[in-house]
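In what follows, chains carry the letters A, B, and so on, assigned in the order in which the sequence lines appear, proteins first and then strands, with residues in each chain numbered from 1. No hydrogens, no waters, no symmetry mates; every other heavy atom, side chains included, goes into these values.
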Protein chains: 2
Amino acid sequence: MPDLPPSTARDRLVTSAFELFDAQGFDDTTVDDIANHAGVGRTTFFRHFGSKEAVIFPEHEKLLAGIQARLEASDPDTRDLAVVEAARLVLRYYVGEGDQARIRYRLISSVPALRAREIAGIRQYEKTFARALSAWMADSPDGALRAELLAAAVVTAHNHVLRRWLRGETKTPEDDFAHAMTIVLDRDRSPAEQTAVVVLRTDADTEAVSAAVTKALRTL
Amino acid sequence: MPDLPPSTARDRLVTSAFELFDAQGFDDTTVDDIANHAGVGRTTFFRHFGSKEAVIFPEHEKLLAGIQARLEASDPDTRDLAVVEAARLVLRYYVGEGDQARIRYRLISSVPALRAREIAGIRQYEKTFARALSAWMADSPDGALRAELLAAAVVTAHNHVLRRWLRGETKTPEDDFAHAMTIVLDRDRSPAEQTAVVVLRTDADTEAVSAAVTKALRTL
DNA sequence: TCCCTGTTGATACTGAGTACCGTACTAGCA
DNA sequence: TGCTAGTACGGTACTCAGTATCAACAGGGA
C-alpha cells in the first residue's frame, strides 16, 4: 500500500513522514501511521529516529559533522573563511533540497513541537561554531564572549537568508548569503582594525608620503 | 506530608518540583509525584503548567511581558538604552533568584529535555527583541538583518554573563553585563558612524579649524 | 554445521498530555 | 436567605510517544 520502495527502510520512513505530515498534519499522524505507510514496524522507526520530531531533520547529524570537519580543517588565520564556508554548507544543503525544505518550513511554522526541535538543532550549530571560534580567540580580551557573538551572528545571518529563500522572497540565496556575511564580518572587526584614509593635498612625491606614513604609524 | 503550604497551589507545585527534581532527578520524578507532594491533583498541575518542563521556568511569561513592555515604552532614538535595560531585567531576575537559579542551571545542564525548553525560551526573548528592533530599523538598508543580529548579540551576551555568574565565575554580574553591552553596541555601530580624529599641527585658531571641518564634511 | 552479528518485528509497559465531568467555593444580587 | 455565574479543583478514562525485552531471520565465515 505504500509507494514504490526507495530502497532503504530509513528513506521510506522519511518520505512517508513528510507525505503524511503534509497531508494530515503532524498531530494527527501517529508513528504507527508512518511505520505502516513505510511498510516497516514501529520499532524500526524509533531505531532510526529518536523521536517523532527527528524524522523531519534526517540529515541533521551529518550537517553538524560537516560543519565540525570544515572548522577543524582551519586555523586562527583563516577563521573568517572557515565559518563562512561552514555556514554555506548548510545553506547549500537546504537550498538543494528544494520542495522538501519548503514542506519542512510549513510544518515548522505551524507545529510548536517541530519549531522547538529546529531551534534546538540551530543551537547545536551555534555551539559548534562557538567552540571552534573560542579556541581560536581564547587569548584575546573577552575572547569567549566575542567568539559566542560571532557564532551567533553567523547563524542568525544564515537563518535570515535561508528563511527569506524558503518564503520565496529571494531567488539568489547564495548572493544574499555572501552579502550577509560581509555585514557579519564587518561587525566583528574592531574599530582598531579598521583603516581610514584621510586625504590632504601635498606637493611631496609618493615615496616621501609613504615614508611619512610609516614613521607616523611607528610612533604609535 | 508536604511542607508548610506557601499559600497558593501554584507556588507549592513549583517548590515541590524543584525539590523533587533536585533530589531524585527529572526523569525519575513523575507529575503525579509533584502533585502529591504539593497536595493537589495531577489535573491542577497541567492547568498551571503546560508541561512537566515548564514548571522549571514559572516566571517565563512574566519576564517576556516585562521585556515587551520595556521595549514598547521606547522609540528608535533610545533603542540602545531600551534593549540594554530590557535585557538587564532578565539578568536581575535570575540573579535575584539565587539558589533556585543555580538548581535550575544544574538541572538544565544534565537533562536534555530541559535544555531544549530553555533554548526555546531564549529564542522567544530573541524574537521579542528582534520584532521591536526590526520595526525601528525597517527603513535602513538590511534593517531586518541588522535587527536580528543586534537581538541575537544582546541575548548571547546576556546569557554569557548570566552563565558565568551561575557557574560562580564572577561575583559582579551587573558590571560584567554593562561591559558586555558596550561590546555589543560597539559592534552594532557601522564604520560610517565611527568618528576618527586626525590631529595635525596648525597655527589657525579654533574657529577657523571648525569652519574648515564643517566645510570638509559638507563636501562629502 | 555451528556460530556470530546485525536488522527487524511483536509485545508489553510507563508516563505525559488531553478531554470530560462533577464538585466546592466565592461573589454578587435580589 | 436563596439563586446564579464564574472559577479553581479533583477524578476518571483515554491516546500515544518512547522504552525495554525477546524472538525470528538473514548472511557470512570458519
Side-chain angles (χ1 to χ4, degrees), chain A residues 1-2 5-21 23-58 60-61 107-108 110-118 120-121, chain B residues 1-2 5-21 23-58 60-61 107-108 110-118 120-121:
Chain A
M1 95 185 58
S7 63
T8 106
R10 185 189 159 90
D11 289 342
R12 284 201 308 274
L13 282 167
V14 171
T15 58
S16 296
F18 270 87
E19 273 184 43
L20 293 175
F21 289 166
Q24 45 182 100
F26 180 82
D27 290 329
D28 292 335
T29 303
T30 70
V31 173
D32 260 310
D33 294 339
I34 302 171
N36 288 337
H37 191 270
V40 301
R42 207 175 78 101
T43 312
T44 301
F45 179 93
F46 283 107
R47 224 174 257 127
H48 283 284
F49 309 97
S51 72
K52 186 180 168 187
E53 291 87 28
V55 71
I56 292 295
F57 309 96
H60 176 69
E61 300 296 332
L107 288 170
I108 288 173
S110 59
V111 182
L114 291 176
R115 185 157 43 233
R117 186 80 187 194
E118 188 207 24
Chain B
M1 92 187 58
S7 62
T8 105
R10 185 188 159 91
D11 288 342
R12 284 201 307 275
L13 282 167
V14 172
T15 57
S16 295
F18 269 87
E19 273 184 44
L20 294 175
F21 289 167
Q24 47 183 95
F26 180 82
D27 290 329
D28 291 335
T29 303
T30 70
V31 173
D32 260 311
D33 294 339
I34 302 170
N36 288 337
H37 192 271
V40 300
R42 208 176 78 100
T43 313
T44 301
F45 178 93
F46 283 108
R47 223 174 259 127
H48 283 283
F49 311 97
S51 72
K52 185 179 166 187
E53 291 88 26
V55 71
I56 292 295
F57 309 96
H60 177 67
E61 301 297 333
L107 288 170
I108 288 173
S110 59
V111 182
L114 291 177
R115 185 158 42 234
R117 185 80 187 194
E118 188 208 21

For [X], give me all partners under side chain to side chain contact (heavy atoms under 4.5 Å, CB included), at least two apart in sequence or on another chain.
{"X": "Phe46(A)", "value": "Val31(A), Arg42(A)"}
{"X": "Asp27(A)", "value": "none"}
{"X": "Ser110(A)", "value": "none"}
{"X": "His48(A)", "value": "Arg10(A), Leu13(A), Thr44(A)"}

Might you point out which heavy atoms bring Gly25(B) and Thr29(B) nearest each other, and give the distance in Å?
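That closest heavy-atom pairing would be O-OG1, 2.7 Å.
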
Closest approach of Ala113(B) to Phe26(B) (non-hydrogen atoms, all atoms of both residues):
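Scanning both residues completely, I find the closest heavy atoms to be CB-CE2, 4.5 Å.
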
Tell me the interatomic distance from [X], atom [atom1], to [N], atom [atom2], rounded to whole angstroms.
{"X": "Asp32(A)", "N": "dT15(D)", "atom1": "CG", "atom2": "C1'", "answer": "12 Å"}
{"X": "Arg12(B)", "N": "dG10(D)", "atom1": "CZ", "atom2": "P", "answer": "8 Å"}
{"X": "Ile34(A)", "N": "dA17(D)", "atom1": "CD1", "atom2": "C1'", "answer": "11 Å"}
{"X": "Asp27(B)", "N": "dA17(D)", "atom1": "CG", "atom2": "P", "answer": "19 Å"}
{"X": "Arg10(B)", "N": "dT7(D)", "atom1": "CZ", "atom2": "C1'", "answer": "16 Å"}

Under 3.5 Å, which protein N or O atoms sit close to an N or O of nucleotides 19-26 of chain D? Give each pair with its distance.
unit_1  : atom_1 : unit_2   : atom_2 : d
dT19(D) : O4     : Arg42(A) : NH2    : 3.3

Ignoring hydrogens and angles, tell me if any N or O in the side chain of Asn36(A) forms a donor-acceptor pair with the backbone of Asp33(A) under 3.5 Å.
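No, the answer is negative, given that no donor and acceptor are paired below the 3.5 Å cut-off.
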
Using a cut-off of strictly less than 4.0 Å, decide whether His48(B) has a side-chain nitrogen or oxygen near OP1 or OP2 of dC9(D).
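Answer yes for this pair, as a side-chain N or O of His48(B) is under 4.0 Å from OP1 or OP2.
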
Would you call Ile34(A) and Phe21(A) a side-chain contact if the rule is heavy atoms closer than 4.5 Å?
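In contact.
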
How would you give the extent of chain A contacts on DNA chain C, as first and last nucleotide 5' to 3' within a 4.0 Å heavy-atom cut-off?
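Terminal contacting nucleotides, 5' to 3': dT8(C) to dA12(C).
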
